[in-house]
Amino acid sequence: MRFRVPKRYARVEPRREINQTLNTKNYDEAKVRFGLKKKALISDWDARLRSDDVGLSLEAYDAAISLLDELGVSYKPMEELLAGPLNELLLRIEAVENCGIGSAVLPAALGTISSPRTLVSEMPPIYEELKSAEIVAKNPRQLRMWRNKYLQAVKTFVEVVADKPVADLTELDAAAYRKHWKGRRDRREITTQYANKKLRFMRQLIDAYYERFDILPSQRNNPLSNSAIEKLSDESDEENQKLAFPVSWVQRVLIDQEGLDRLNAEARDILTISADTGCRQTEIYDVPPSDIHLDHAIPHLKLKVTKDAEFKRQLKNSASKRPVILLGAALDAMQRHPQGFARYRGREGYSATVNSYMRENKLFPDVSEEQIGKFTISCTRHTFEDRMGFAKMSNEERAYLMGHSIGKIRGRPVYGSEPDLRVRALYQEMVSFPTEKWEPRPIAVLRTEIDRLAEELGFRVK
């Protein structure tokens, strides 16, 4: 490989000409290696031109590591190299001897490259890059909400402390950030849970800096590691919990759709399905057409992570993956939208539209002055929990329908099978509302049917 160094790189590359072996006798392979190595060298020079005296830029760091990879050498911290065989160190020196004395690839090869002086404000996209595999299924609405958590945490940190390099953050900086959120909590502007979330978001961003640049655990410094705020003595876990809608109100307004005539048809039926099944509204309106099974012997929705570009959606957690049985009003509503809810799928606006409609038309149940704001349309899940309780369903049965963790409920590893569609349908029937065309069977009859199915499968139930 032989080519002249362009004059524009003279400030960062003292060599006038690059002359290196490509370690192959095959001409076609040599051409490929030439292109890759030349590109890596130019990326390194460009990054060094952009770097300033305060330290290595992110681009220069990545270019050095990339060039190291092109030379067939992986990055290892100096401590690891010193603990290894001497021959490996000599091979590394030999691999980079022609890279130029000012190249960042030299300290990279020897495990001493300085981490970039990345500012706090530059961390959200870096964190997103690190979490790319975890957020790949998020649709545009979910991705925006996920990003905003970290963007808002950074914005507040910069306002309260400063926009400093992450590696320079101190305990005083962490204390100032914590004091800000604790002060807001003490003034009862926010809950302790909310404040601790903001602290956790910044803590995750700082940890991401050290992970991104392969910094050894012993050399990491996260001053927000132990910054959680303790709850006030008179503050309970239910401090900000929403109210459950009265069951009669749910039947009249959300199942029979009384007063919802001026709300668009998709929003009306999403309300009905979520109220009848206990699903989160997002689980209903994000469902892709392929997961709607109306022609099945037991009509149901299949809630699962979807990575298809057009119908992306990520569930809240692994326990949320489940089939949702459609009966009565929920089945009628879903049959009116056999392809799902294109108006709201992956988009924003559903909650704002519905909550505004309910408040403007005074459809929410009356509450005392101190309870104002406790009702939002997501309260249908709280009512669903009450309905299951009065139907004398066990905690595990409730968890299956709600999409909650069975392991947490049991307090031990999960063994055995989940209930099949037939059993889930019987659970769902225990809490489904009657309609003009359909009436759920008595709970005692449904319990008897569950026992019959179990005996049919060979289980003893008596």
Side-chain angles (χ1 to χ4, degrees), residues 238 240-261 263 267-285 299-301 322 324-336 350-351 354-355 357-404 409 423-447 449-450:
E238 291 78 31
N240 202 36
Q241 182 173 316
K242 299 298 182 182
L243 298 174
F245 290 123
V247 176
S248 58
W249 182 90
V250 172
Q251 169 79 68
R252 177 174 56 84
V253 176
L254 304 185
I255 301 301
D256 298 339
Q257 299 191 350
E258 183 180 307
L260 300 183
D261 50 297
L263 185 63
R268 281 201 309 270
D269 286 333
I270 292 166
L271 272 176
T272 296
I273 298 167
S274 60
D276 208 21
T277 63
C279 285
R280 302 172 181 92
Q281 274 101 29
T282 56
E283 292 176 331
I284 302 299
Y285 61 73
H300 65 280
L301 306 177
R322 66 196 190 280
V324 174
I325 308 300
L326 300 169
L327 301 170
L331 178 57
D332 292 342
M334 199 69 243
Q335 285 173 334
R336 293 191 284 269
Y350 171 82
S351 293
V354 174
N355 283 317
Y357 180 90
M358 303 296 278
R359 293 192 177 102
E360 289 169 4
N361 291 276
K362 296 181 169 48
L363 291 176
F364 279 138
D366 293 331
V367 293
S368 61
E369 186 174 340
E370 60 270 17
Q371 292 178 321
I372 291 175
K374 290 284 188 176
F375 275 136
T376 68
I377 206 56
S378 62
C379 294
T380 52
R381 273 173 69 81
H382 295 273
T383 306
F384 191 75
E385 180 74 38
D386 287 351
R387 285 154 53 199
M388 291 189 294
F390 281 102
K392 298 181 175 60
M393 296 177 70
S394 70
N395 259 337
E396 287 194 14
E397 291 168 341
R398 300 186 209 182
Y400 284 127
L401 295 190
M402 293 282 282
H404 289 162
I409 289 171
V423 175
R424 284 180 179 271
L426 294 169
Y427 290 159
Q428 187 68 49
E429 191 173 348
M430 291 181 189
V431 288
S432 290
F433 289 98
T435 69
E436 291 182 1
K437 300 183 295 182
W438 180 82
E439 183 79 23
R441 290 168 288 178
I443 291 175
V445 172
L446 299 172
R447 285 292 177 192
E449 180 64 11
I450 290 174

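Below, all heavy atoms of this structure are taken into account, side chains as well, without hydrogens, waters or symmetry copies. Note that the structure is predicted; figures quoted are calculated from it, not measured.
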State whether the side chain of Arg381 and the backbone N or O of Met402 hold a donor-acceptor pair below 3.5 Å, judged by distance alone. yes
Quick check for you: to the nearest 0.5 Å, what is the distance between Ile443 atom CD1 and Met430 atom CE? 6.5 Å
For the CD1 atom of Ile377 and the CD1 atom of Ile270, what is their distance to the nearest 0.5 Å? 11.0 Å
Examine the side chains of Gln257 and Thr272 and answer whether a donor and an acceptor come within less than 3.5 Å of each other. yes
Can you see whether Gln428 engages Asp276 through a side-chain donor-acceptor pair at a distance of less than 3.5 angstrom? no
Could you walk me through whether Ser432 and Arg387 pass the side-chain contact (heavy atoms from CB on, under 4.5 Å) test, one step at a time? CA-CA 9 Å; Ser432 290; Arg387 285 154 53 199; 5.5 Å; no
Hey, does the side chain of Arg398 reach the backbone of Met393 with a donor-acceptor pair shorter than 3.5 angstrom? yes
Short question: side chain of Thr383, backbone of Phe245 - any donor-acceptor pair under 3.5 Å? yes
Name of the residue among Leu271, Asp269, Leu301 meeting side chain to side chain contact (heavy atoms under 4.5 Å, CB included) with Ile284: Leu301
I'd like to know if the side chain of Arg268 reaches the main chain of Leu254, judged simply by a donor and an acceptor atom lying under 3.5 Å from each other, with no hydrogens or angles considered. no
When you compare the side chain of Phe433 with that of Val247, does any pair of heavy atoms fall below 4.5 Å? yes
Can you tell me how far the CG atom of Leu260 sits from the CG atom of Leu363, to the nearest 0.5 Å? 6.5 Å
So, Glu397 and Lys392, do they make that salt bridge, N to O below 4.0 Å? no
Give a yes or no answer on whether the side chain of Glu385 reaches the backbone of His382 with a donor-acceptor pair at less than 3.5 Å. no
Could you tell me if the side chain of Ile325 sits less than 4.5 Å from the side chain of Thr277, heavy atoms only? no
If you apply the rule side-chain contact (heavy atoms from CB on, under 4.5 Å), what do you find for Phe364 with Asn355, and how did you get there? CA-CA 9 Å; Phe364 279 138; Asn355 283 317; 3.6 Å; yes
So, does Arg252 use its side chain to make a donor-acceptor pair with the main chain of Glu258 at under 3.5 Å? no
CZ on Arg441 to CG on Leu426, rounded to 0.5 Å: 6.0 Å
